[in-house]
Structure formats: C-alpha cells, structure tokens
Amino acid sequence: MALEKFVSKTLELLQEEREAEIEETRVWQENISLKDLQNKGVCLLKLQIGSQSTGLYGRTVVILEPRKHLGFSSLPSNSFGPGDIVGLYDTTGCTAASQISTGIVTRVGQASVSVAFDDLKDGHSLDSDALYNLLKLANDVTYKRMKRALNTLNGYNNGPASNLISVLFGDTKPTSQSQPKECYQCHNSSLDRITLALVTVQILCCAPSNVAVDNLVERLAQGKAKVLRLGHPARLLESIQKHSLDAILAQSDNANIIAEIRKDIDKAFTGMKKEKGERGNMKREIGELRKELKSREAAAIAQILKSADVVLSTNTGACDDGPLKFLPAEHFDWVVIDECAQALESSCWIALLRARKCILAGDYKQLPPTIKSQMAASKGLSLSLMERLIQMYGDSVVRMLTVQYRMNSAIMQWASKEMYHGRLTAHSSVEGHLLKDLAGVACVEETSTPLLLIDTAGCGLSEMEVADEQSKGNTGEVDIVDLHIKALTEAGVKAKDIAVIAPYNLQVDLLRQKLSAKHPELEIKSVDGFQGREKEAVVLSLVRSNRKGEVGFLAEDRRINVAVTRARRHIAVVCDTQTVQNHGFLKSLIDHMTEFGEVRTAFEYIQDIVPQNYTRDHKDAKTASSSTSTSTKHKVKDQPSSKAKPGQKKSAGSSSKENAAGSEKQTKSSTSAEQEQSKGRRAEIREQVERFMKDLNQSELQFPSSFNSHDRLLVHEIAEELGLIHESKGEGSERCITVSRPPVSKPAKEEARAATEEEEETIPDSKSEPSSQPPLDLKSLHLERMKREQKKREENAQQKKQQNNIHPAQGHSSKKAKGLHQKSLNKAFKGVFLPINDDFDTLISSVMKADSVCSFVKCKASVLTLGQLCLFCNRQYCLSHHIPEVHGCGDKAKSHARMRISKEGVLYAGSGKKDKSMDHNKKAYLQRKLDSKLKDMASQRKPKNKEKDG
C-alpha cells in the first residue's frame, strides 16, 4: 500500500537526518574548541548576568552581556536569533554535567542577548558575579512530533481526515469538494484573502517557520476575525504578541490571580537570596506557585481556543501534546498550510490529520526544505507534499495566483520569464514604486533605479578561500556593498528597510564584521535565512570570482530566484560577470539587469583597483568574451535612458522595447565582430589619452559624463597602463573621469626647469616635436627632446650636403655609416647626449662618463661601485636617488606592486620577495626522517661486516 510504504520510508529517512545532526553536534563538541565554536557563531563565552526578571507570562528572562568592566562592549559576531534553543553552562565547559538550563532566545543585540527560561536548575536565580557560556542546541522535539504524526497516519482509521488521506495518496481522485488547492507564487496578502473568505468556518493555519506565521497574523489581525497565535512568546514578533495564547490568558478572568502568583514567585526568589536557611522551604513554595499558575492557565485555554475563528501555529506547533489537545478531534473544518513547498511532508501531516479539507499554498520554484543529510535528501526526504501532488495530479489541482503585491515590475519580469512562464503581473500599487517614493528619501541615482548591477570583472577582486572552511568570501565585494549601503542611507533610506544577502556563510560573517557596527538595524543573512522575507531594498553579493569561471552552488536556480525576489523597490547585484555568466540562468539575470537597469563598474566605487586580466581555458575565455561584449553593447544602447534628465525619463522608458529588440539582434552577431568593436573603442579612447600626453600645456583631461560604464572601465585601464592618475568625479548623471599626469616633487621641477634653460641657451632656435611615448618625468622629457634635436640636425646636414653635392660618394657613405652608428648608440644609451661631430674615441669616453654618473638631474655621484639599476626606467642611480619615489618612478612602482599583490594574493614585507626559507617544523621532521634512514642503513651494514669477518 502506498501509505504504508511512504510512512516506513520517511521514518527511515528522518532517522538518517537525525543521526546526521547528532553526528555534526558530536564532532563539534569533540574536535572543535569552545573558542572555535565562538568563531563559528554558535557559542558565546564568558558572559555575565545583566539583569533577571519574571516576564513573558511566567517565564524567567535573563539578559546576558559581555564583561564590560574589561572593555568588552559588544558581543562577538554570532548566528543567534530569536527562537533559537540554547543551553546555559558554567565556565567549566559545555558538557551535560556543566549545563545549568535550556532556554529560548528572545532578543539579540550588539551588546546583549536575552534568553527566556521555563525552569532554572535547582529553581533559583543566577549569580550576577559568575560567568556563563551560551551554546546553540539541536532540537529533538521536532523529530519526535513528526515520527508520532507518521505513526498516527499509518494507523488512521475513522476520523475527520480519512477522505483527505485517500486523496493525497492517490486512492481517491480529487473532486470539486475535496480537491486540494495549491498556489505557486502566493503573496501573503493573497493568502490572507483566501483565509478571510473562510472565516465562517473553523480554520487551522500553519507554516513551517515562525516568521511566516507571524506575517499571516499581522495581515489577519487587520480584519474582523478573531485570531489566536500558538507558540512560545519568545519566538513571536513583538507586534503580534498581544494575539498569542499567553497574552490572551493574561487578559482573561483569571488575569488578576495570575498576576498575584507571579509577584509571589518574584518575592520567593528574593527571599532565597536574603535567607539562605529557608532555601528548602522557598523552593517548595516556588514549585507550588508555578503549579497553581499552570493549572489556572490550563483551565482557560479550551475556552479561548473555541472562541477563536483562526488558530495559527507552526506545523510542529499543531501537535497533540500542545494546547490543541483541549479541542475535540473534529473542531477544524479547514487546514491552510503556507510555504508548503519549504516544509518537510512529515511536518505537514501533524496539522493535516485535524481537518477534512486543506489548502496548500507556496512556491515550489523556491528553495526546498533545509536537510543536513545529503543521502536522505537524495532518497526523497527533500520532496515536499506540494511537489508530490503536482507530480501525481498535474495542473488539475493547481490554482496559480498571477498577481503579485511585492516587487517593482522591472524586478518581477526576470523571475516571471525564467521561472513562471511569463504569467506573473505586478499589482498597480507596486508596479512602479521606487525607493525615492518612500517618506524622507531623496531623489538620487541610487533611489531612482529598481535594478543596479555593479560589475567587478577585470578589477582583481577575486574570491578568498579559508583552508579549514568550505565556505567562500570576497573582501572586495564587501567594500563595495559597504559603499552602496552608505549611499542609500545618506539618501534617507532606513537601515531596517535594507537587507544584505550572500549565498555563503563566510561572506555573511565578513559583511557583519564590516557593517553591523555602522548599521545595527541592517539585516545581513544568507539566502536560506531570508526565505519568506522581504525588504524595500536588497543588496546581493554573489561572491564568486575566479579564473576557472566556477560558480559552485550558485548554479542552483531556485536559490538565485529567492535572493532576487526578496526586494520590493530596489535590487543591487554585486558580482564578477566574467565568472557568473558561465552559468546560463545567472547569465539571464545579468542580461536582464544590463538591458533594463543601470550597470556600474567597481572602479567607480574603489579607486585603488588594478585591472586583472583573466587567463581562462579556451572554452571559458570564449564564453566570457562573448557575454561581456554583448552586455557592453546592451548598456551602450540603454545608457542615454539611464542617464537622462527627469524630463526625458518618459521617452527613455518608451524606447525600452526597441532596446530589447536591438539586444536580440546583437546577441546573434559573431564573436569576432564584437571583439573588433571593443578594440575599436579602446583604440579611440587611447588615442585621446595619447594626444593629452603630447600636449604639455594641458594639465588634465576630463572625459564627458555621457560615457557608459564600459567606456569608463576602458579609461581606467588605459590610464593605469600609461602610468597616469585617474579618478571619478561627480555624482549621478554628472559622474565623469579625470585623467592627469603624476605629480613631481618641487626640487625635481626646479632642477628640470634649470636643465631646460641650459638647453635652450645652447639651442635657442630649435623647435621640439611632440613625443610619442608617455612621459615619466620632466628629466625624461628633457633628454628625449635632446635626442630628437640631434636627429633633426643630422638629417638637415645630410640633406644640405646632398643638395650641394660637395662630398664624394665615399665620404658620403662614411658619413652615412657614422650617422647610422650614432643612431644605434643613441638607441643603446637612451637619454644620453652624444656629440655628433667628434671622433669615435670622444664618443666612447662620453658614453662611459655618462654611464658612470648618477642619472638623477645635477647629481655627479659615481655609480661604478655602489650604483643601483632602476627596474622601471633602466637607469643607474646612486644610493641617495635609487628609490623609485625619489627619482620619478614612484607611480610605476606602486602600480607594479598592486598588480603583483592582486595576481599572487600575497603581501610581501621588506624587499617584496617571498620568504622561501623552509618552515622549522618541516625542517625538523625531515631531519628526523634522515636520521632514521641513516640508522636503518647503518644497521643493515653491520651484519654484512660480521659475515665477512666470519
């Protein structure tokens, strides 16, 4: 039978999952120190008691803080959150013997964490002078409840859910009355309307997470229905705690009696501190008071449950051993399960056994349930009830809600096209909303666009790897996210309305370390941790940037769909397009944002970035080059609309269809043609820069603000190659790039000016020609101009002699040979003035003399013994001027160092050369191995010597 097979298989897989979780916890406790656990964010060490009180409806709330008297003002970076089950331990360790109690986290801040305890060990308060450890615990209650529900399902005979069970396992075909309904992209407000339409009957509404249930409570509380929220108050949002069972109990007829009992409990705690001799009596009194409190609350629970129109809880909160045990089996008419695609099917059956009909709402195009055991997931544990029903019945049981109430239409269109066959539409209330429409938010470029792509390709911001971690991070993207968050908050966007999402936990830790202190209300979570949530603005860091083009588990389409669709008004994606475009689904996202949004390069955010050329495999390089050039073409066409003035936005928006059509044609163009166009644009910009370099009277070159992001990237790269200073100026539509020559120190300028005056006195009527090479400093310009004047005088002399025909052919050939020889010497000894009309010996002596003196202007120090050769200008300098920053090669040295660090990922100290000396531990190991080998060889020789002697 299908039911029995399903139950037996699921029980085995749940056991595998539980064993995997227990094994992970065991490995942590045995192999990882408490300090490492704290670094992983699952443990907090040496906390002290800030305060202790009775709250949350009879529970003890303890606020734990770091040791402030020692200068620890904030908690370490951690992953604790409201609703987490934690263990409180003394400082001897985190073992069962040292455990004081278990509780539930109610609130986590930068400087404290609040935990609610039902019962403290020995029933007494904590010592405010002692130190404690806090550790996250695995919860076995959920597994016990799911197993109990599956066993009940297997033996279910005559009950309200009999017909529903037959339909869900294929024994009976669904009819119009018993048909389960399922929603794909179901927004909470849409589900609320379904629930409100059913308020004439008794409804049990569930979801796999507390956050999802709380969202439903917030919407339903706005109507006339009586809403009751089950669950621990510590796990609920503050805004809906008044609808919790504990809060309603506190307002019942027994509220005064309950309040008096709480006061008596607090007095008993105080008495235990003052009168140690009466400790035993106080403990008994506290126990009796708590029993009376619970009995009076239990008496009122049944009445409150029966009077509620909609009862809401998590899937596991609807169990038989909870408050619902006070209701009859046939009390509920409908069970509504939201986010069903993200819940284990076994958890859904806890609630489904309580009603005759059900509505399953969710989106199976998003992430599946989180499972630790990959083996159990591959065997079918990750298959949700919603997906199984769709596979069984197809579209006959599907009702898709096509109107969404969250995203701007530009954000929605990509997800609609790629995941939902283009069937989604945006409601008029959200279709065009932007950040600038929020109260107190200024109209700037960042708040006026729903789509922003920040491309780090070619900027050398490669991903980092930690040896003992499987996770990945990217510090360069962290810096860019920091700058973008700063721009949004300065424009008036509140930090609580912004979310930063990253697919890797290591990147989440790096982002928290960078941003949490600056923006305490900013939410920074992984993709899995933010599922089911939404924010006005979302900044997504994709992390991956490598030479092989590997994207890792970013290749999971549903993960990216979840990350992008969390945004309401603005989504900013920070990524290396050369890397992520190797995956087709990610490429579709990049193409969509390039076509309909704004594209920026990382150079616009961080000035000190050296371009990094990727050396991929042939296949990867071909893919990356074609995709990059395609996205560049899209942006060139779309750039005028994104940079248009407010009065031109309407016309720019009307031309988006033409841009889309043009982009489809360009995608079909050949790779060679795209490369030629890119090369042509680079050559055009390079020619402008070189003209600026030739014009010595022009101090700087400013490129127009109409340049798109690709053109600005080319300007940055070309200026860096030629040793020029390049920086972005202005904001928004006025953003432009200014290129200028590197600064020269004042003494160098004066010496160069003096040398120029001497040269002008020697050759007053000469005219200099523009140099075709980039200037390094004024001295280089001066020496090169001297070479050009020599060459010009030589050519004029030869032309004059040829016209007059006064020299014989032999003499002419000898002069020509001498001139050619002079040119070769000039080339060999660049920048050295060599006399033309002197004999060869004088020529050689001039060269030797110039080569033996420091090349710095007016420095006569000898370099024959202690000279230093500069690697950048290939000249000899004395010890006073050999440093590149002194004689004018500082910018080249700085650029070379940046390039080396970006390529090798290592910052060398001192001379810049890697320390190749052997590690002393390895050296000692090799020495021991050598000694052992020699000892073995010696022992093998002794028997041979004895045999010979015998």
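When side chains are defined from C-beta on, L461 does not count as touching D576, because their heavy atoms never get closer than 4.5 Å. Between E418 and H592 the shortest side-chain heavy-atom distance does not fall below 4.5 Å. Within the 4.5 Å cutoff, the side chain of E721 has heavy atoms near those of the R686 side chain. Taking the side chain as every heavy atom from C-beta outward, I411 and L451 approach each other to under 4.5 Å. Two residues are said to be in side-chain contact when any heavy atoms from C-beta on lie closer than 4.5 Å; H484 and L452 meet this criterion. Within the 4.5 Å cutoff, the side chain of L871 has no heavy atoms near those of the P884 side chain. For the pair T594 and T577, the minimum side-chain heavy-atom distance is 4.5 Å or more. Within the 4.5 Å cutoff, no side-chain heavy atoms of I685 are placed close to those of E717.
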Please step through side chain to side chain contact (heavy atoms under 4.5 Å, CB included) for the pair I590 and C575, ending with a clear verdict. CA-CA 9 Å; I590 300 303; C575 68; 3.7 Å; yes
Starting from the C-alpha separation in whole Å, work towards a yes-or-no answer on side chain to side chain contact (heavy atoms under 4.5 Å, CB included) for V599 and M593. CA-CA 8 Å; V599 182; M593 299 191 73; 6.0 Å; no
Which is it for L701 and R691 under the side chain to side chain contact (heavy atoms under 4.5 Å, CB included) test, yes or no, and what are the steps along the way? CA-CA 10 Å; L701 173 63; R691 282 202 302 267; over 6 Å; no
For the pair L435 and E446, evaluate side chain to side chain contact (heavy atoms under 4.5 Å, CB included) and give the outcome as yes or no after the intermediate values. CA-CA 8 Å; L435 288 176; E446 285 79 6; over 6 Å; no
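At a threshold of 4.0 Å, the pair K587-D591 counts as salt-bridged, since one of the basic side-chain nitrogens sits closer than that to a carboxylate oxygen. In summary, E445 and R600 engage in a salt bridge, as defined by a charged side-chain N under 4.0 Å from a carboxylate O. Using a 4.0 Å cut-off between charged side-chain N and carboxylate O, K694 and E690 make no salt bridge.
Of the inter-residue distances, the one linking L589 atom CG with L540 atom CG reads 8.0 Å to the nearest 0.5 angstrom. To the nearest 0.5 Å, atoms CD (E536) and CD1 (I498) are separated by 10.0 Å. Atom-to-atom distance recorded for I725:CD1 and R741:CZ is 11.0 Å, nearest 0.5 angstrom. Here F872 contributes atom CZ and D891 contributes atom CG; the two are 11.0 Å apart, rounded to the nearest 0.5 Å. One finds the CG atom of D482 at 12.5 Å from the OG1 atom of T475 (value rounded to the nearest 0.5 Å). Annotation: the span from K518 atom NZ to K486 atom NZ amounts to 7.5 Å, rounded to 0.5 Å.
H570 places a side-chain N or O within 3.5 Å of a backbone atom of T449 that can act as its donor or acceptor partner. Remark: side-chain polar atoms of S416 are not paired, donor with acceptor, to backbone N or O of M412 under 3.5 angstrom. Remark: the backbone N or O of S545 is paired with a side-chain donor or acceptor of E463 at under 3.5 angstrom. Proximity of a side-chain donor or acceptor of N408 to a complementary backbone N or O of H433 within less than 3.5 Å is detected. Using a distance-only test at 3.5 Å, with no hydrogens or angles considered, no donor-acceptor pair links the side chain of T579 to the main chain of G549.
Side chains of S541 and E477: a donor on one and an acceptor on the other come within 3.5 Å.
Ring-plane geometry between H881 and F856 is classed as parallel, the angle between the planes falling under 30 degrees on a 0 to 90 degree scale with a further cut at 60. The aromatic rings of F585 and H583 sit perpendicular, their planes meeting at an angle over 60°, well past the 30° parallel limit. H716 and H726 have perpendicular rings, their planes meeting at more than 60° on a 0 to 90° scale where under 30° would count as parallel.
Closest heavy-atom contact between A457 and Q578: CB-CG, 3.7 Å. Here the closest heavy-atom approach between residue L724 and residue S740 is recorded as CB-O, 3.6 Å.
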